[in-house]
Each structure stands twice: as structure tokens, then as C-alpha cells.
Amino acid sequence: MSDHPALQPVRLADATLPNRLAVAPMTRISASGDGTPTPDMADYYAAYARGGFGLVITEGVYTDPHYSQGYLNQPGVITPAHENAWQTVARAVRDAGAHPVMQLMHAGALSQGNPYSARTAGPSAVRPRGRMMPAYGGSGPWPVPHAMTGDDIDTVVEGFVAAAGRARRAGFTGVEVHAANGYLLDQFLTDYTNTRTDAYGGTTANRIRLTARIIREIRKENDDPAFWVGVRLSEGKVNDHHHRWAGAPDAVTVFTAVADAGATYIHLAGEGAGWAQGSTLETGETLTALARRVTGLPVIANGGLADPGLAAHVLDDGHADVLSLGRAALANPDYPRRLAEGGPIHPFDPAMLDPTVTLANVAAWRQRQPARRP
């Protein structure tokens with residue numbers, strides 16, 4: 001299947017990726033206690049590059065020593081030690097043939113492990129839906145967050161900008177601003193978690209304002225066009241899989257705002273529903289195709305796209321430019337190679353992430369498995 005469209009090169013900003021396959025961000029909570037990436041993390045990310053992925057996006061990395069950290073042992077990028085350790089990760093991925101991108105994340109009200117703060121913060125004092133996630137070290141209902149002040153918001157922006165600078169110096173091709181899956185920037189975008197009456201609340205244009213401001217400020221401080229500033233968006237959330245935007249007009253407002261702010265690409269996450277199940281709008285157009293049409297930016301599609309036939313459809317019919325794989329990549333770190341050689345695509349086993357999502361848990365799972373066909 002070496003002629004599969006996912007295996008063809010693609011232009012993204014000023015770089016040419018060797019194929020259209022990316023590793024989606026997946027929280028690993030395997031950093032040291034102070035958030036410093038470990039040698040095992042460098043090996044983990046480089047393995048995807050060795051397996052043929054052209055783009056490797058890291059897990060969400062916290063951006064400030066205030067409210068941003070979401071989980072214990074989540075990696076950060078706020079100290080020189082963090083930056084130096086990430087340099088090792090970026091170099092390992094590059095040396096193996098892929099472009100590394102660091103996802104920058106602020107957990108906001110969905111923080112369930114933050115040594116820097118005893119309380120959480122969000123756009124409004126609204127308790128998040130659902131319960132904390134045991135696989136990530138949490139239990140019970142989410143606390144009611146502190147409603148962020150204007151100074152808090154400025155601190156969030158400053159954290160993202162400083163983190164992007166550290167990622168650039170560490171050798172990453174770019175950063176991805178995490179505005180998806182129910183975390184802080186998505187909390188600002190979502191009407192039921194954002195009841196503000198200032199410039200960041202009310203209309204969709206106001207609720208996407210913080211994400212656009214962060215993209216714009218990162219771009220201002222890192223004006224080299226060779227440094228990417230992508231953005232990840234989603235309708236569903238880790239604590240509300242069924243949430244959807246109000247419709248195509250809302251989506252256009254969101255996509256236009258991030259494009260006008262200077263985003264390099266748009267990455268649409270399929271939280272809780274695969275691309276095939278959750279991407280079609282009331283107009284009949286897919287969300288990913290709409291993003292491509294109204295912005296002209298490269299679009300990364302995500303959500304159950306490991307099936308070669310579906311992957312070809314999404315690319316050949318113009319729904320997206322790149323496909324990101326999460327659980328399929330975890331089960332098949334060499335997915336591109338398997339696709340090229342017509343090898344078996346192994347199904348994801350939930351036991352890989354049970355009871356925790358750590359690298360050690362996955363390594364133990366692999367040791368328990370019988371030898372699998374290459």
C-alpha cells in the first residue's frame with residue numbers, strides 16, 4: 001500500500017512532511033515529580049518517528065507555575081531544566097526523521113493534580129460536568145473553580161508565550177495551543193462553562209478571544225514563519241463527550257478567529273466520537289472540510305482514522321491534509337510502516353491504559369503479550 005495517500009508527502013508551512021500521518025497528543029503522566037521529561041519519554045516519542053510518523057505531537061505540557069498543571073507527573077516547560085530535557089526529546093525525534101511539535105496546555109477547571117495550587121481556576125465559578133479520571137490519578141467530583149480575574153488571564157497568556165519560546169529554543173518545529181477537550185481554553189469557548197460578561201464572555205467571537213489572543217501573542221514573540229503555532233480544537237470534552245457547537249456559523253467564527261490570529265494549522269480532535277461519527281454538520285459538510293474551506297489552512301483530522309479505507313477517503317475527498325492517530329499509534333508505533341507494507345494493524349487494547357496511562361503501564365502490558373507479527 002505504498003501508494004496510499006497517507007504515505008504521500010505534504011507541505012505544512014515552510015516544511016515538507018514525509019507523510020500525512022501524525023501522532024496525536026496523549027497524556028502519559030510519566031515525567032519526574034517536578035515536571036522534567038525523562039529519558040524514557042525521549043525514547044517513547046522517538047519510537048514513533050522510527051516507526052515512520054512524519055509528525056510527532058507531544059502530550060499536553062503545562063505552561064505556568066499557577067493553575068495550568070492538570071495532573072501529577074505531567075511534564076512542564078517552565079524552567080531551564082524542563083527546557084534542557086525537552087531538547088533531548090526534540091533531538092531524538094528529529095534524528096529519527098520526524099518533526100516534533102509541543103502541545104501547550106492549561107488544564108483550568110479540569111486540574112486534578114497541581115502542586116502549585118490548592119484550588120483550580122476557570123473562566124467562571126462553574127463546577128465541571130462529570131467526575132475526575134482515575135486513570136490520571138483523580139477521583140470524585142471536580143471542584144468549583146475560582147473565576148479568573150483579568151490579571152489571571154494575563155498570566156495565562158504570558159505563560160503560553162514563555163512556554164512557546166522555551167519549546168522553540170529546545171528545538172521543536174512548533175507548538176500546538178491546546179484549546180480542545182474541555183481544558184481551559186475550551187472552557188472559555190463553551191457557553192455553559194463561561195458565564196462571563198466581559199470581553200471574554202457572551203458571544204462565540206468573545207469566547208474564542210483568549211485562544212486567538214494567545215496565538216497572536218506567541219506569533220508576535222516568535223515571528224519566524226518556520227516556527228509553527230498550531231491550534232487544537234474540539235466539540236467533545238474528556239468530561240462531556242456529547243457536547244457539540246451550535247452549528248456551522250459558530251464553527252466559522254471559531255475557525256476564522258484562530259486563522260486571523262496567525263495559526264499555522266488547525267487540529268480537530270475527535271473526543272468521544274470518531275471522525276466518521278462526529279464530524280458531519282447540519283449542512284452536510286464535515287467540520288474538517290469546513291475548516292479547510294474557510295481558512296485555507298492545513299487541517300489535521302483525528303478520531304478513529306486507523307482504517308486504511310477511511311483514511312484514504314478523508315484525504316482523497318479533501319476533508320483534511322493530515323491524519324493524527326492516538327490509540328492506534330499506541331498499539332502500532334510503526335503504523336506508517338505497517339500501512340506501507342500491508343502488515344496487520346493491531347487493535348488497541350484498553351488494558352494498555354489500565355489502571356494508569358503511564359509509560360510504565362504500557363511497557364508492562366507489552367511484556368505480557370505474545371510475540372506479534374511485525
Side-chain angles (χ1 to χ4, degrees), residues 23-46 48 55-94 98-108 110-111 113-117 121 136 154-181 183-185 210-211 213-215 217-222 224 226-232 263-264 267 358-359:
V23 178
M26 291 180 281
T27 298
R28 305 284 76 197
I29 53 172
S30 297
S32 63
D34 68 354
T36 303
T38 66
D40 284 346
M41 290 172 60
D43 291 342
Y44 164 75
Y45 284 116
Y48 290 117
L55 174 61
V56 177
I57 308 172
T58 73
E59 63 205 284
V61 179
Y62 67 84
T63 54
D64 66 54
H66 303 287
Y67 299 114
S68 69
Q69 186 171 349
Y71 309 105
L72 298 178
N73 297 108
Q74 177 186 5
V77 64
I78 66 172
T79 70
H82 292 167
E83 183 179 325
N84 290 339
W86 279 118
Q87 187 174 29
T88 300
V89 176
R91 184 185 304 114
V93 172
R94 284 193 183 281
H99 282 274
V101 166
M102 182 186 292
Q103 188 186 70
L104 304 181
M105 169 184 160
H106 192 302
L110 294 192
S111 175
N114 182 2
Y116 297 103
S117 176
Y136 298 87
D154 290 344
T155 298
V156 168
V157 176
E158 291 164 4
F160 271 92
V161 172
R166 289 192 182 278
R168 179 177 54 80
R169 291 192 297 272
F172 283 80
T173 300
V175 294
E176 179 176 281
V177 174
H178 195 355
N181 305 110
Y183 297 107
L184 180 72
L185 302 185
L210 179 55
T211 300
R213 178 184 169 190
I214 287 169
I215 295 168
E217 292 296 324
I218 292 174
R219 178 58 68 206
K220 186 185 302 182
E221 292 297 316
N222 303 272
D224 180 357
F227 184 72
W228 304 350
V229 186
V231 60
R232 196 179 208 214
T264 304
H267 185 181
T358 61
L359 297 183

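Predicted model, so just to flag it, every value in this text is computed and none were measured. Hydrogens, waters and symmetry mates play no part in the numbers below; they use all other heavy atoms, side chains included.
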Can you confirm whether [X] sits close enough to [Y] that some side-chain heavy atom of one is under 4.5 Å from a side-chain heavy atom of the other?
| X | Y | answer |
| --- | --- | --- |
| Leu184 | Tyr67 | no |
| Trp86 | Pro75 | yes |
| Thr173 | Leu55 | no |
| Arg28 | Met41 | no |
| His66 | Ser117 | no |
| Val89 | Met102 | no |
| Glu59 | Tyr45 | yes |
| Ile57 | Val23 | no |

Main-chain N/O of [Y] paired to [X] side chain as donor or acceptor, under 3.5 Å:
| X | Y | result |
| --- | --- | --- |
| His178 | Val61 | no |
| Arg232 | Gln103 | no |
| Thr36 | Ser32 | no |
| Thr264 | Val229 | yes |

query: With sequence neighbours excluded, what pairs up with Asp154 under the side-chain hydrogen bond (donor to acceptor under 3.5 Å, both in side chains) test?
result: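 Once residues adjacent in sequence are excluded, the partners of Asp154 under the side-chain hydrogen bond (donor to acceptor under 3.5 Å, both in side chains) criterion are Arg213.
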
message: Go through it in stages, so that I can follow the logic: the residues are Leu110 and Asn181, the test is side chain to side chain contact (heavy atoms under 4.5 Å, CB included), and I'd like the CA-CA distance, side-chain angles, deciding distance and then a yes or no.
response: CA-CA 10 Å; Leu110 294 192; Asn181 305 110; over 6 Å; no

message: Applying salt bridge (Lys or Arg N to Asp or Glu O under 4.0 Å), can you list everything that pairs with Arg219, at least two apart in sequence or on another chain?
response: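 Salt bridge (Lys or Arg N to Asp or Glu O under 4.0 Å) check on Arg219 returns nothing, list empty.
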
query: With Glu217, which residues qualify under salt bridge (Lys or Arg N to Asp or Glu O under 4.0 Å), at least two apart?
result: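 Here the qualifying residues are Lys220.
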
query: Of Leu210, Thr63, Ile218, which is the lone residue that meets side chain to side chain contact (heavy atoms under 4.5 Å, CB included) with Val157?
result: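 Per the side chain to side chain contact (heavy atoms under 4.5 Å, CB included) rule, the option paired with Val157 is Leu210, out of Leu210, Thr63, Ile218.
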
field: Positive for ring-ring contact (aromatic ring centres under 6.0 Å, His included) with His99, one of Phe172, Trp228, Phe227
entry: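 Single ring-ring contact (aromatic ring centres under 6.0 Å, His included) partner of His99 among Phe172, Trp228, Phe227: Trp228.
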
field: side chain to side chain donor-acceptor pair (under 3.5 Å) between Thr38 and Asp40, intermediate numbers included
entry: CA-CA 5 Å; Thr38 66; Asp40 284 346; 5.0 Å; no

task: Scan side-chain atoms only and decide if Arg166 and Thr79 contain a donor-acceptor pair under the 3.5 Å cut-off.
output: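 Their side chains do not contain a donor-acceptor pair, so the 3.5 Å distance test is not met.
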
